[in-house]
Amino acid sequence: MEERITVGIAMVPTSGKPLFRCITRFDRVRRLLGEAAARNLPFLLEHATTLIAKGRAPDTPHLAFGQSRELWSADPAKAIEDLFTRFVPLARAFDASAPRSAAATPNHRLTTQVYAALRLSENPRAADLLIPQNSLLRSSENPPRFLNVPIQHSGGQESAFATLVSAQSRNPNTIDKNVYPAVAELHAAARIHHVHKVAVFILRPDEASMPPDQYDEVDEHIHQTTFVLQNEGLVVMPEVSPELMAGSIQEWAFSPTREARH
């Protein structure tokens, strides 16, 4: 039997825009369904939020609407909060006091920031060409698996995939947890979809955010990680801000294939 958990509430008022309230912390999801589900669910929910705002239902089998109900003489904003509290038990321990900025993993927050920078690019087509409608790519397995590829470019003569990872941590182990699972998904997606132009964009930590000795240790770890990934055939581009990363993504995606940066 397929197991489902409730992660949000959608509401369509008789007038005004559709409303959507979803969980913003994924600790219980991780315990119930595993690390992969907790890592990918923020992207699914972001995709669902975009579609619901347009009056459309999510188009992935991993998110489905439950039974609809009619509410009368109810203020939509208050009603959705009440329903969320009553019917989304996963959120009760976290969302009452947690800010929405704490919603997801460092990689997801970085992706959101890079998307915002791409939308402000001087190239008016950058966002349309690089930000996918759905960053989760379906595999051919049954049941299917979904692989997160936040940057997808299919224009021009060749397709391109890239992943965005945050190395803004004082702990090398945390950096590895951000980098290597994302790179593994990128490798798998590129192989399944026959894409040969792939890259990893790494957000470096701010040098002023930690003591010099600690920064040197983290910096050396990022250099070592870059070396390993480059020797796996990947283009690797460390950057110091989401805005600079967005510029590097455009330069890489819209130019002919080149060798990994050393």
Side-chain angles (χ1 to χ4, degrees), residues 33-51 56-64 104-105 107-108 110-112 114-115 117-119 121 123 125-166 177-203 225-226 228-237 239 245-246 248-261:
L33 302 178
E35 181 65 33
R39 186 171 63 248
N40 289 331
L41 185 55
F43 296 95
L44 281 168
L45 291 176
E46 185 173 15
H47 178 58
T49 300
T50 301
L51 291 177
R56 295 164 53 192
D59 55 359
T60 167
H62 286 264
L63 279 180
T105 65
N107 289 356
H108 179 261
L110 171 61
T111 298
T112 300
V114 170
Y115 282 1
L118 287 171
R119 293 186 178 104
S121 169
N123 181 349
R125 300 186 64 205
D128 291 338
L129 291 173
L130 296 172
I131 300 175
Q133 289 290 322
N134 185 356
S135 65
L136 296 178
L137 293 174
R138 183 187 180 107
S139 74
S140 58
E141 293 181 342
N142 190 18
R145 302 286 182 178
F146 288 83
L147 301 166
N148 181 46
V149 181
I151 297 296
Q152 301 171 29
H153 177 46
S154 58
Q157 296 181 343
E158 59 182 341
S159 297
F161 285 172
T163 195
L164 314 177
V165 295
S166 174
K177 289 178 181 179
N178 290 343
V179 172
Y180 288 109
V183 171
E185 291 195 40
L186 176 67
H187 267 310
R191 184 169 58 252
I192 291 168
H193 294 273
H194 308 291
V195 173
H196 303 291
K197 184 175 181 177
V198 292
V200 179
F201 293 86
I202 299 177
L203 182 64
T225 301
T226 299
V228 170
L229 296 180
Q230 286 174 337
N231 280 275
E232 291 181 357
L234 290 164
V235 172
V236 185
M237 299 187 185
E239 295 293 355
M245 185 175 288
S248 293
I249 290 168
Q250 293 178 72
E251 179 184 354
W252 164 79
F254 300 144
S255 64
T257 302
R258 57 181 176 176
E259 298 298 322
R261 181 186 294 180

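All values reported here derive from a predicted model rather than from experimental measurement. These values consider heavy atoms only, across backbone and side chains, with no hydrogens, waters or symmetry-generated copies.
Considering only residues two or more places apart in sequence or on other chains, Phe254 meets the ring-ring contact (aromatic ring centres under 6.0 Å, His included) condition with His153. Not a single ring-ring contact (aromatic ring centres under 6.0 Å, His included) links Tyr115 to another residue, sequence neighbours left out. Listed by chain and residue number, nothing satisfies the side chain to side chain contact (heavy atoms under 4.5 Å, CB included) test with Ala184 (two or more places apart in sequence, or in another chain). A search for side chain to side chain contact (heavy atoms under 4.5 Å, CB included) contacts involving Ala57 returns Phe65, not counting sequence neighbours. Legend: residues meeting side-chain hydrogen bond (donor to acceptor under 3.5 Å, both in side chains) with Thr50, ordered by chain and number and at least two apart, are absent. Every side-chain hydrogen bond (donor to acceptor under 3.5 Å, both in side chains) that Asn148 has, sequence neighbours left out, goes to Ser135. Under the side chain to side chain contact (heavy atoms under 4.5 Å, CB included) criterion, Leu229 pairs with Val179, Tyr180, Val183, Val200, Thr225, Glu232, Leu234, Val236, not counting sequence neighbours. Shown here are the side chain to side chain contact (heavy atoms under 4.5 Å, CB included) partners of Ala126, two or more places apart in sequence or in another chain: Ser121, Asn123, Gln250. With sequence neighbours excluded, the residues that form a side-chain hydrogen bond (donor to acceptor under 3.5 Å, both in side chains) with Glu185 are Arg39. Evaluation of the ring-ring contact (aromatic ring centres under 6.0 Å, His included) rule for Phe201 yields Trp252 as partners, not counting sequence neighbours.
Side-chain contact check for Leu63 versus His47: every heavy-atom pair is 4.5 Å or farther apart. Residues Val235 and Lys197 fail the side-chain proximity criterion, which asks for heavy atoms closer than 4.5 Å. The shortest distance between side-chain heavy atoms of Met237 and Met245 does not fall below 4.5 Å. In this structure, the side chains of Val149 and Pro132 stay at 4.5 Å or more apart for every pair of heavy atoms. Counting heavy atoms from C-beta outward, Ile151 and Leu164 have side chains that approach closer than 4.5 Å.
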Q.
Applying side-chain contact (heavy atoms from CB on, under 4.5 Å) to Val165 and Leu203, what does each step give before you reach the verdict?
A. CA-CA 6 Å; Val165 295; Leu203 182 64; over 6 Å; no
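How far CD of Glu35 is from CG of Asn40: 9.5 Å, rounded to the nearest 0.5 Å. How far CG of Leu130 is from OG of Ser154: 9.5 Å, rounded to the nearest 0.5 Å. Here the straight-line distance linking atom CD1 of Ile249 with atom CG of Leu118 works out to 5.5 Å at 0.5 Å rounding. Between His196 atom NE2 and Ser159 atom OG the span is 9.5 Å, to the nearest 0.5 Å. Atom CG of Leu110 sits about 11.0 Å away from atom CD of Glu239, to the nearest 0.5 Å.
Across all their heavy atoms, Thr111 and Pro150 have their closest contact at CG2-CB, 3.9 Å. Taking every heavy atom of both residues into account, Ala246 and Val114 meet most closely at CB-O, 4.2 Å. Heavy-atom minimum distance, Arg119 versus Ala127: CG-CB, 3.8 Å.
Distance alone, capped at 3.5 Å, is enough to place a donor-acceptor pair between the Asn107 side chain and the Asn178 backbone.
A salt bridge (Lys or Arg N to Asp or Glu O under 4.0 Å) check over residues 127-137, counting only residues at least two apart or in different chains, returns nothing.
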